[in-house]
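Down below is the structure, laid out as structure tokens.
Read the numbers this way: they start at 1 and go in the same order the structure lists the ligands and their atoms. As the structure is a computational prediction, the values presented were derived from the model and not from experiment. We number each residue from 1, following the sequence as shown.
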Amino acid sequence: MTNEDLAKSFPVTFEDWENRARTILPVSSFDYITGGAGSEETMRANRTVFLRWHIQPRVLSDVSKRDLTVTLFGRTFPAPFLLAPLGIQGVTHPEAELGSARAASRLGIPFILSTVASRTIEQVAYVMGGAPRWFQLFWPTDNDVMVSLVRRAEKAGYSAIVLTVDTAAGFGWRPRSIRNHFYPFLFGEGMANFISDPVFRSKLKQPPEKDMYAAIMQFLKIIWNPALSWENLTFLRKLTKLPILLKGILNPNDAELALQLGMDGIVVSNHGGRQLDGEIAALEALPMICDCIQGRIPVLMDSGIRGGADVLKTIALGATAVLIGRPYIYGLAVAGEKGVHQVIRNLIADIDISLANTGRKSIAEIDRSLLVQAQIGNKI
Ligand SMILES: Cc1cc2nc3c(=O)[nH]c(=O)nc-3n(C[C@H](O)[C@H](O)[C@H](O)COP(=O)(O)O)c2cc1C
Ligand SMILES: CCCCCCC(=O)C(=O)O
């Protein structure tokens, strides 16, 4: 089968990809990716909240030349989205993060590597060459290990640190994974960056190759950090010159604190509805946070973005760019690198034609005037 034939047989919509992934993955992996916290109300709200807003297009505005680029921290990217950090991609496809990262680099879309990836910081950097990549940090209780992870990311050419702040206390209550007894860390999945870390290794009595059980126990001891607080950020700010973004912000007060402590960006996110059921949908929180930040630093958003119109609505409500999570991991599940590549290409094409149909020529032209509050039927 040629690449062309393969592309023709690929799914198209988010639901098509999800359904195809369901037929391929073991139930426990599929449920881990798809599922959310509690009764999954927040996960659903991440989608229904988009119905509150309708696009009110303009016509006859010569949209023959269009510009989808966005600039973040001095670097211009071809489209206004990035691949969100998704951990343990090894449970999805044997190519794991290498497949996702290669697909992203072929199209110049930034890839954000998770701390709990199935492949190392250096392996991913190697397959990406000079392509844009950021490193997502879970701040372990062992500060020496944290410093080592940041230094490795700097050395390997990652150009921003995304500190995730909504998981410090632990996994959300995820009934699907509990039902399936899905505890990937117990099998060493997601530990690549720790097993390969000289500082982590130096604290073990035996190397992981000799005593993997002890390495897993040490990892589990340090990975959750419920005591993490705003005071810690001063240390991180001094540690690195790279831009730092806080991911998992939903409250304008926290956004303001982040700014005051020298953070360079914010990712408004509820972790795809996976952490706290009943919490606010990301798109609902976004305008409040943008009103507070007033353009002083970039505000990105994820959780619920599925297509081009979602991207445009999110940017109209104040985001500089968005992250996509589940859409690309289903691509990985279905066809590895080729699947992720196809998902990215589809999303770029969707954004492009949707932008044209709004009557705008560029992402820079998108503002609040694009939207009206839905008056019929779709209010939640
Ligand atoms: C399977 C899976 C693994 C994830 N792993 C991480 C992670 O390692 N680090 C992180 O900051 N967020 C992680 N997230 C959250 C995503 O970065 C992102 O916030 C979320 O997926 C966005 O919502 P969406 O899936 O609706 O696009 C994960 C999400 C999923 C679905
Ligand atoms: C220290 C947190 C580990 C979380 C693993 C990946 C993740 O974020 C998820 O949502 O699953």
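Looking only at heavy atoms of the protein, atom 5 (C) of ligand 2 is closest to F171 CE2, 3.6 Å. Of the protein's non-hydrogen atoms, the one nearest atom 10 (C) of ligand 1 is K247 NZ, 3.4 Å. Scanning the protein for heavy atoms near atom 20 (C) of ligand 1, the closest one is G272 N, 3.8 Å. Residue, atom and distance of the protein heavy atom nearest to atom 28 (C) of ligand 1 are L86 CD2, 3.4 Å. The protein non-hydrogen atom at the shortest distance from atom 17 (O) of ligand 1 is P85 O, 2.8 Å. Here the protein heavy atom with the shortest distance to atom 1 (C) of ligand 2 is W224 CZ3, 3.2 Å. Among protein heavy atoms, the minimum distance from atom 11 (O) of ligand 1 is reached at T164 OG1, 2.7 Å. Of the protein's non-hydrogen atoms, the one nearest atom 6 (C) of ligand 2 is Y32 OH, 3.5 Å. Looking at atom 8 (O) of ligand 1, its nearest protein heavy atom turns out to be S114 OG, 2.7 Å. Remark: minimum distance from atom 2 (C) of ligand 1 to any protein heavy atom is reached at R274 NH2, 3.5 Å. Scanning the protein for heavy atoms near atom 19 (O) of ligand 1, the closest one is D302 OD2, 2.7 Å.
The side-chain hydrogen bond (donor to acceptor under 3.5 Å, both in side chains) with Y330 is formed by just one residue from the set T92, T34, N19; it is T34. With P85 as reference, L323 is the one residue of L323, T115, L113 to meet the side-chain contact (heavy atoms from CB on, under 4.5 Å) rule.
For the pair F194/L149, a side-chain contact is recorded, criterion being any heavy-atom separation below 4.5 Å from C-beta on. Counting only heavy atoms from C-beta outward, the side chains of I216 and M212 approach each other to under 4.5 Å. Residues I305 and F50 form a side-chain contact, since some pair of their non-hydrogen atoms from C-beta on lies under 4.5 Å apart. For the pair L72 and W134, the minimum side-chain heavy-atom distance is below 4.5 Å.
At a heavy-atom distance under 4.0 Å, only side-chain atoms of S269, from C-beta outward, approach ligand 1. Both the backbone and the side chain of R326 come within 4.0 Å of ligand 1, judged by heavy-atom distances. With a 4.0 Å heavy-atom cut-off, ligand 1 is reached by the side chain of R306 but not by its N, CA, C or O. At a 4.0 Å heavy-atom cut-off, ligand 2 touches H271 through the side chain alone. With a 4.0 Å cut-off on non-hydrogen atoms, N46 does not touch ligand 1 at all. By the criterion of a heavy-atom distance under 4.0 Å, neither the backbone nor the side chain of M43 is placed next to ligand 1.
In summary, the atoms of ligand 1 found under 4.0 Å from a heavy atom of V116, numbered by their order in the structure, are 8 (O). Interface atoms of ligand 1 facing A84, defined by a heavy-atom separation under 4.0 Å, are 17 (O). Each of the following atoms of ligand 2 lies closer than 4.0 Å to a heavy atom of R174: 9 (C), 10 (O), 11 (O). Atoms of ligand 2 found under 4.0 Å from any heavy atom of R274, numbered from 1 in the order shown, are 9 (C), 10 (O), 11 (O). Interface atoms of ligand 1 facing Y32, defined by a heavy-atom separation under 4.0 Å, are 1 (C), 3 (C).
The existence of a salt bridge linking E256 and R296 is confirmed by a sub-4.0 Å separation between a basic side-chain nitrogen and an acidic carboxylate oxygen. With respect to the salt-bridge test (charged N to carboxylate O, under 4.0 angstrom), the residues K203 and D142 qualify. A salt bridge does not link R179 to D31: none of the charged side-chain nitrogens sits closer than 4.0 Å to a carboxylate oxygen.
Under a 4.0 angstrom heavy-atom cut-off, I33 registers as being in contact with ligand 1.
The side-chain tip of R133 points at the ring of Y158 from less than 6.0 angstrom away and within 45° of straight on.
F10 and W17 have tilted rings, their planes meeting at an angle from 30° to 60° on a 0 to 90° scale. Ring geometry for F111 against Y328 counts as perpendicular: the plane angle is over 60°, on a 0 to 90° scale with 30° as the lower cut. Ring orientation note: the planes of F219 and F185 are nearly perpendicular, at an angle over 60° on the 30°/60° scale.
Defined by atom type and a distance below 3.5 Å, a donor-acceptor pair is missing between the side-chain atoms of S196 and E122.
When the heavy-atom distances from atom 23 (O) of ligand 1 to S303, G325, G87 are ranked, the shortest goes to S303.
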